[in-house]
Structures are given as structure tokens and as C-alpha cells.
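Taking it in order: structure first as C-alpha cells, then the write-up.
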Amino acid sequence: MPQDESQPASRRRTRLYALTDGRTDASQTVLTMDTTITAAVADDALGGLPTEWQEILAMCAPPGGRAVAEIAARMHIRLTPMTVLLGELADRGLIDHRPPLAATDTTDVNLLMRIRDNLARI
């Protein structure tokens, strides 16, 4: 099987069922593709965790975090398995998650202006 060019040759991926203890759905945590994920542990506490978990936690460092769909895309894992994996991380207390803003929150002109101003500073 050819080596994926985006994967370093020395890195082996752990099978998804091993990362989620064989679970096929998130039993306690419901995540959607636009839920924001933020790591809840410090970088120095990642030592004994599987490589994929460490990558997700590093990618979602506070204060910003990332959407579930973006994490799935960056990790090259389909959305449904990624929600199971992130549900496992949430159930273990390794990540915090925030549901997406309600439609009424996204039409708030003051909020949109703050977002615009923050983007302009980047």
C-alpha cells in the first residue's frame, strides 16, 4: 500500500477503534460539525496519550479552538469517526466543547462588528 505523502514515514496511525475503545457513537457527548473544540489539558500533560489525541489537543490549544469539521479535515479522518473520537476525548475530560452560536446570535450587528475588528487585527 503506498505511503500517504502527508504522513511522515516514521509515524504509524492507531486504528480508530483502538482510540475510541471500540465505540461507534459518542454516548455522552453530542457534537456537530460546527461545534468548537478546545483542549482542556496543558501541553506538558500529553505524554502518554496516543499520537492522534496529542495532535488534536495541540491543534485545539486555547483560547481559540477549532470546529469539528476543520479538525476532521486536518486529520484526514471522516466526520462521523471524528465525532466519535472527539466524544471520547470529551468524555475523558481532555477537551471542552462549545455548541455553535444560535442563528439569533449570528445576526447581532455588534457581534459581527467585533468579529470584523478582531479579524482586521490578525
Side-chain angles (χ1 to χ4, degrees):
M1 187 156 123
Q3 178 73 20
D4 182 14
E5 292 179 16
S6 64
Q7 297 291 322
S10 63
R11 183 174 165 257
R12 294 184 59 188
R13 291 189 74 100
T14 307
R15 297 216 181 253
L16 186 61
Y17 64 81
L19 292 172
T20 61
D21 292 334
R23 291 182 7 189
T24 58
D25 63 344
S27 60
Q28 297 177 14
T29 305
V30 177
L31 303 170
T32 61
M33 62 187 265
D34 51 353
T35 300
T36 302
I37 303 296
T38 308
V41 294
D43 287 341
D44 57 352
L46 304 180
L49 299 176
T51 304
E52 289 80 3
W53 290 15
Q54 291 179 25
E55 287 180 31
I56 291 169
L57 295 171
M59 173 184 324
C60 299
R66 296 196 190 274
V68 171
E70 183 180 356
I71 297 167
R74 289 176 182 261
M75 295 289 296
H76 304 287
I77 297 175
R78 292 183 180 167
L79 191 57
T80 301
M82 180 54 70
T83 58
V84 173
L85 178 56
L86 292 171
E88 180 71 20
L89 293 175
D91 292 349
R92 292 175 183 247
L94 297 173
I95 61 170
D96 294 321
H97 54 92
R98 186 187 77 228
L101 296 174
T104 56
D105 294 334
T106 60
T107 58
D108 179 7
V109 174
N110 292 325
L111 172 64
L112 294 174
M113 289 172 52
R114 282 194 318 244
I115 292 170
R116 181 199 63 196
D117 294 342
N118 287 333
L119 288 173
R121 279 188 249 153
I122 294 178

Measure across [X] and [Y] and return the closest heavy-atom pair with its distance rounded to 0.1 Å.
{"X": "G93", "Y": "A40", "answer": "O-CB, 3.7 Å"}
{"X": "L57", "Y": "L49", "answer": "CD1-CD1, 3.7 Å"}
{"X": "E52", "Y": "M75", "answer": "O-CE, 3.8 Å"}
{"X": "I37", "Y": "C60", "answer": "O-CB, 3.6 Å"}

Review point. Are the side chains of V84 and E88 in touch, meaning some heavy atoms are under 4.5 Å apart?
Key: no
Point to revise | Close side-chain approach of V68 to L79, heavy-atom, < 4.5 Å | key: yes
Could you grab the distance from atom [atom1] of [X] to atom [atom2] of [Y], nearest 0.5 Å is fine?
{"X": "H97", "Y": "L89", "atom1": "NE2", "atom2": "CG", "result": "11.0 Å"}
{"X": "I95", "Y": "L86", "atom1": "CD1", "atom2": "CG", "result": "5.0 Å"}
{"X": "E70", "Y": "M59", "atom1": "CD", "atom2": "CE", "result": "8.0 Å"}
{"X": "R66", "Y": "T36", "atom1": "CZ", "atom2": "OG1", "result": "11.5 Å"}

Check your understanding: In this structure, are over 12 heavy atoms from other groups packed under 6.0 Å from M33 atom CE?
Key -> no
Check your understanding: With L85, which of T80, I71, I56 fulfils side chain to side chain contact (heavy atoms under 4.5 Å, CB included)?
Key -> I56
